[in-house]
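Data first, discussion second: the structure below is written as structure tokens.
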There are 4 protein chains.
Amino acid sequence: MAARPRAPVPDKRRIILDAAVKVFARQGFTQCRVADIADEAGVAYGLVYHYFRSKDAVLDTLFLERWEVMVEVIGQVDQQDLPAREKLRYVAGFIDDSYRHDPDLMKVIIVEVTRAANSFGRTHMPDIQRAYGRLATIVEGGMRTGEFRTAVTPAFAAMAFYGVIEQVLTQWIFAEGPIGDEEFDRAKDLIVETVCGGLNG
Amino acid sequence: MAARPRAPVPDKRRIILDAAVKVFARQGFTQCRVADIADEAGVAYGLVYHYFRSKDAVLDTLFLERWEVMVEVIGQVDQQDLPAREKLRYVAGFIDDSYRHDPDLMKVIIVEVTRAANSFGRTHMPDIQRAYGRLATIVEGGMRTGEFRTAVTPAFAAMAFYGVIEQVLTQWIFAEGPIGDEEFDRAKDLIVETVCGGLNG
Amino acid sequence: MAARPRAPVPDKRRIILDAAVKVFARQGFTQCRVADIADEAGVAYGLVYHYFRSKDAVLDTLFLERWEVMVEVIGQVDQQDLPAREKLRYVAGFIDDSYRHDPDLMKVIIVEVTRAANSFGRTHMPDIQRAYGRLATIVEGGMRTGEFRTAVTPAFAAMAFYGVIEQVLTQWIFAEGPIGDEEFDRAKDLIVETVCGGLNG
Amino acid sequence: MAARPRAPVPDKRRIILDAAVKVFARQGFTQCRVADIADEAGVAYGLVYHYFRSKDAVLDTLFLERWEVMVEVIGQVDQQDLPAREKLRYVAGFIDDSYRHDPDLMKVIIVEVTRAANSFGRTHMPDIQRAYGRLATIVEGGMRTGEFRTAVTPAFAAMAFYGVIEQVLTQWIFAEGPIGDEEFDRAKDLIVETVCGGLNG
DNA sequence: AATGAATGAGTCTTCATTCAT
DNA sequence: AATGAATGAAGACTCATTCAT
């Protein structure tokens, strides 16, 4: 009798990571105890330590899993034959969609890592800088083709671009209710319009 | 012999606040113990609690002292008869100078409050929103006079503007050595040029 | 012009003692801080320490002031030419009236001293025993004249008599509302009736 | 070789409770630190908090464990077909034996709970009142059959009876040396003789 | 792999007491 | 006498991590 294909049972490690996202998002990394992760995952306390060296390692794993994808995406977009503005729009859209698809994970990454200057933000500085660097490369390309002005340096422009995106996500994170699809769609355009078009236009 | 005028002796409460800025900047709020503040201030442990209800209250006080000044400044700038772009430049310059003058304090405010979504950032949300609101009013004025395009809402523009500034300060905070005067001076222009001029120009 | 007689202004020391009774009764000795006493008295913090060596000394003073009167009364009653039962009734009445007249003070004495075996009860054991001794002397007299049976020792009888009184006061202390005059009046009789008459009668 | 039967190894929770009795009795609840309990039990500090929510919870547990047995016993005695006086004697004997068997535990219950009006006494008032109520029921039965006079109310008699017992235990608690068996035996009779027989007899 | 009991370092806060004025 | 700032010891509680099964 042929076994029917079924959704793969996620292994315990994955279950723990997913549970960690939930509790980190809900309570914050510091406020959450390892026991909360285990409870949310429905596994024994000690199993968290079987799969991860420490509580920190759980967050490190979550962050890197997603961040490396993002850095990779930024790199690949830059390979495409597109106007620089379209490349930035694609990046903004990717991050925007990441939040739309898994707001808890993005909340954790933003709040607990990229904005946490005294803890994980410092640890992962090289990773974060890598993303900045790739964004700067995109801007640089736009300047080389004459699409972008050279009033600011590529590095500054990249930083500003990321700063605007992070601020948008932060707004959503603080928002009470869920964000509507129209708002997600509009955000992509507003971000690019602000950074590329400027207020004076 | 005539007594030379001397700087007024700061009271103990002030000494404690100033010491707290130093240790919060150096070690981070969480990593610093109340004993560190007392030691840095050269006062007895208990005196911190004589003047402040809790460790949290020390940070609250530091934040509000400076933040209210900033909100006030933004409001007053908007009263001036100036192009909106000049108003934004003034605000950027004020924050920039705040960092130049007292980097430790600004570091604490940015890192421990405005970017700390799960702790003081949440507590002081109303204060932070008040600043956003005043920035939005400046942008709105610019749009009303036709100086600014209306491609994005005033609120979005204010948020983006603040996001860029915060990101610049964050860079400085992470930087190893001290920031040079030229960099401070240039930053004001770059921020405004980015948000107002845009990359496309 | 002749000065009119006026109520004597209580000195600060007295004011502090009276305030202490209030706050000890309200919050309990341990739960009340020295600052609470000073606040209630309307004097400066340090003045409490000008008049009293320590917080403990305040309670010691309050206790002894009243307790010595009581011991004295028990002694004097025993000098009278009265049946032993009447003597006991007088003592019960005196304590009963003490509570009626100043429930806060009696509450403090009972709760914080005579029933506090691990703190002031131990310190003032000799004082408390002195009262027991005088009660025993009364009982002993009753036995010598044949008024009382000798089924129990005078010491045991004294202890029982005091135990019943303390339990009655404890009930009042725990009671929500104020105690009515009839209850005070009846209590004196019930106490004596119980200890002298017995349940079998 | 046949394994000799051995006493079951008490679990750590029990060990902690027993250690707490010792140190509470020796130093008093307030004077004892949680570390003292852990040391006496020979376990790590944190284990106390693994089993109990707080230091208070340890005492609550100790009190209730024993008090509920006592309340139960009083209720069961009343079911027996005995003269009321015999019932009271049985209750006095049970409490007396409780002290004889485990003076530390009884000391803790009396000193730290039933006589501690401002702390645990208040918390456990309902439990204490439940015991009073059952004693009153016994007295009431004695009055209904005519065995007891109705000069005082059952509630008052119950309170007096308990007051005398508590005072006896308090004497023992304060006593320097150990109490002899004869004194324990005699106490049962003296208590009942005092409350039932009365001094006048 | 899985469990959860056991460990113990770390720190905020309280508050009685002292002291300079 | 009167004030209140200054001192610092003490202790409950948390929780990441380890470890024996």
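Order of the sequence lines fixes the chain letters, A, B, ..., with proteins taken first and strands second; residue numbering starts at 1 for each chain.
Proximity of B:K12 to the phosphate of F:dA6: a side-chain N or O atom is located under 4.0 Å from OP1 or OP2. Regarding contacts with the backbone of E:dA6, every side-chain N or O of D:H50 stays at 4.0 angstrom or more from both OP1 and OP2. Side-chain nitrogen and oxygen atoms of B:Y49 include at least one within less than 4.0 Å of the OP1 or OP2 phosphate oxygen of E:dT13.
Using the Watson-Crick or G-U wobble rule with both distances under 3.5 Å, E:dT21 pairs with F:dA2.
Distance, C:I15 CD1 to F:dT3 P: 11 Å, rounded to whole Å. In this structure, the CD atom of C:Q31 is 11 Å from the P atom of E:dA16, given to the nearest Å. A straight line from CZ of B:R33 to P of E:dG10 spans 9 Å, rounded to a whole angstrom. Across the protein-nucleic acid pair, B:D56 atom CG and E:dT11 atom C1' stand 13 Å apart, rounded to whole Å. The distance between atom CZ of D:F52 and atom P of F:dA12, rounded to the nearest whole Å, is 15 Å. Straight-line distance from the CG atom of D:L59 to the P atom of F:dA12: 13 Å, rounded to whole Å. Taking atom CG on D:D39 and atom P on E:dG8, their separation rounds to 11 Å, with Å as the unit. The distance between atom CD of D:Q27 and atom C1' of F:dG11, rounded to the nearest whole Å, is 13 Å.
Positionally, the nearest nucleotide of DNA chain F for B:G46 lies more toward the 5' end than for the other of B:G46 and D:V34. Ranked by how close their nearest DNA chain F nucleotide is to the 5' end, B:L47 and D:K55 are led by B:L47. Nearest-nucleotide positions on DNA chain E place D:A44 closer to the 5' end than the other of C:R53 and D:A44. In terms of position along DNA chain E, the nucleotide closest to B:Y45 lies nearer the 5' end than the nucleotide closest to the other residue of the pair B:Y45 and C:T30.
When heavy atoms are screened at a 4.0 angstrom cut-off, A:Y51 is found touching the sugar-phosphate backbone but no base atom.
Using a distance-only test at 3.5 Å, with no hydrogens or angles considered, a donor-acceptor pair links the side chain of D:K107 to the main chain of D:A25. A distance-only check finds a donor-acceptor pair linking the side chain of C:K55 to the backbone of C:C32 [under 3.5 Å]. Formation of a donor-acceptor pair under 3.5 Å by the A:D18 side chain with backbone atoms of A:I15 is not found in this model.
Under the side-chain contact (heavy atoms from CB on, under 4.5 Å) test applied with D:F29, the options D:V113, D:L59, D:V108 reduce to a single match, D:L59.
For A:N118 and B:E112, the side-chain atoms include at least one donor-acceptor pair closer than 3.5 Å.
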